Peer 1: 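Dropping a structure here in structure tokens format, bear with me for questions.
The model shown is predicted, which means the values in this text are computed figures rather than measured ones.
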Amino acid sequence: MEVEISRNKLQELAVQAMYSFLLLQESNVAINFEETLSSICNLPYEECDVYLKEVLLKALKNESKIIAYVQKFLRNWEFRRLNSTIQSILILAVCEYYLIDEKIDKAVIINNAVKLAKRYGDGGEKDYKFVNAVLENCLNETRTSVL
């Protein structure tokens, strides 16, 4: 039985999971998707939200394409040099906009990403302003032409 969780909470859980996946990859440790998600949700995997599973699976499957796409909009920065929290937020925002919900407005995605950067970023004001600026540019392409 799936447990009902707010969209904001799901996005927070998605960032936490993506952050974990990035750290595991960086350490060359195999990702156990079901175990990680179950641990972050504090639920058996079968009860984890379908949206959460979908966005994370698509983000992981398309991670290199998403990173390459975002990299085009990073002036004087390398994506891999960004902190893992900001990487997670950017990957998930681009994934959600281009691969999950074609009806969702760009402003909603950016607003949610900025809220997450304010909450989880460790660079203070510059983190959320950075996320805002990058996504403002990233989310301008026609959805069918990006990933």
Peer 1: Nearest 0.5 Å, please: how far is CZ in F79 from CD1 in I66?
Peer 2: 8.5 Å
Peer 1: Start with the C-alpha gap between Q16 and F21, add the side-chain angles, then the distance that decides, and say whether side-chain contact (heavy atoms from CB on, under 4.5 Å) holds.
Peer 2: CA-CA 9 Å; Q16 292 169 19; F21 297 148; over 6 Å; no
Peer 1: Donor-acceptor pair, distance only, cut-off 3.5 Å: does the side chain of N62 make one with the backbone of K58?
Peer 2: yes
Peer 1: If every non-hydrogen atom of I40 is compared with every non-hydrogen atom of A17, which pair is closest and at what distance?
Peer 2: CD1-CA, 3.2 Å
Peer 1: Count the heavy atoms belonging to other residues, nucleotides or ligands that lie under 6.0 Å from CZ of R7, then report whether that count exceeds 12.
Peer 2: yes
Peer 1: Are L23 and L82 linked, directly or through intermediate hydrophobic residues, by side-chain heavy-atom contacts shorter than 4.5 Å (ILVMFWY only)?
Peer 2: no
Peer 1: Counting C-beta onward and ignoring hydrogens, is there a side-chain heavy-atom pair between Q71 and W77 closer than 4.5 Å?
Peer 2: no
Peer 1: Apply side-chain contact (heavy atoms from CB on, under 4.5 Å) to residues Q11 and E96 and explain how you reach the verdict.
Peer 2: CA-CA 10 Å; Q11 289 168 332; E96 186 170 12; 3.5 Å; yes
Peer 1: Would you check if the side chain of E34 reaches a backbone N or O of Y45 as a donor-acceptor pair within less than 3.5 Å?
Peer 2: no
Peer 1: Tell me whether the rings of Y98 and Y69 are parallel (<30°), tilted (30 to 60°) or perpendicular (>60°).
Peer 2: perpendicular
Peer 1: Taking the side chain from N32 and the backbone from E35, do they hold a donor-acceptor pair closer than 3.5 Å?
Peer 2: yes
Peer 1: Show the nearest heavy-atom pair for residues M18 and A59, with the distance to one decimal.
Peer 2: SD-CB, 4.1 Å
Peer 1: Closest heavy-atom contact between S84 and L22?
Peer 2: O-CD1, 3.7 Å
Peer 1: Output yes when a side-chain donor or acceptor of D101 lies under 3.5 Å from a complementary backbone atom of Y97, and no otherwise.
Peer 2: no
Peer 1: Is there a donor-acceptor contact under 3.5 Å linking the side chains of E12 and Y120?
Peer 2: yes
Peer 1: Answer whether the closest heavy-atom distance between the side chains of V70 and L135 falls below 4.5 Å.
Peer 2: no
Peer 1: To the nearest 0.5 angstrom, please state how far the CD atom of Q25 sits from the CD atom of E63.
Peer 2: 4.0 Å
Peer 1: Looking at N112 and V108, would you say the former's side chain and the latter's main chain have a donor-acceptor pair under 3.5 Å?
Peer 2: yes
Peer 1: Between the main-chain N or O of I100 and the side-chain N or O of E54, is there a donor-acceptor pair closer than 3.5 Å?
Peer 2: no
Peer 1: Rounded at 0.5 Å granularity, tell me how far SG in C138 sits from CG in L90.
Peer 2: 7.0 Å
Peer 1: Quick check for you: to the nearest 0.5 Å, what is the distance between E47 atom CD and L37 atom CG?
Peer 2: 12.0 Å
Peer 1: Within the 4.5 Å heavy-atom criterion, are E136 and K106 side-chain neighbours or not?
Peer 2: yes
Peer 1: With a 4.5 Å heavy-atom cut-off, do K9 and L13 have their side chains touching?
Peer 2: yes
Peer 1: Rounded to the nearest 0.5 Å, what separation is found between the CG atom of D105 and the CG atom of N111?
Peer 2: 10.5 Å
Peer 1: So does L43 get a backbone contact from the side chain of S38, meaning a donor-acceptor N/O pair under 3.5 Å?
Peer 2: yes
Peer 1: With clusters defined by side-chain heavy atoms of hydrophobic residues (ILVMFWY) lying less than 4.5 Å apart, directly or transitively, does L60 cluster with I91?
Peer 2: yes
Peer 1: Spell out, as yes or no, whether a donor-acceptor pair under 3.5 Å connects the side chain of K118 to the backbone of D127.
Peer 2: no
Peer 1: Looking at A30 and L24, what are the two nearest heavy atoms and their distance?
Peer 2: O-CD1, 4.5 Å
Peer 1: Can you tell me how far apart CD1 (I31) and OG (S20) are? Round to the nearest 0.5 Å.
Peer 2: 9.5 Å
Peer 1: Cluster question for you: counting only ILVMFWY and a side-chain heavy-atom cut-off of under 4.5 Å, with indirect links fine, are Y19 and L92 together?
Peer 2: no
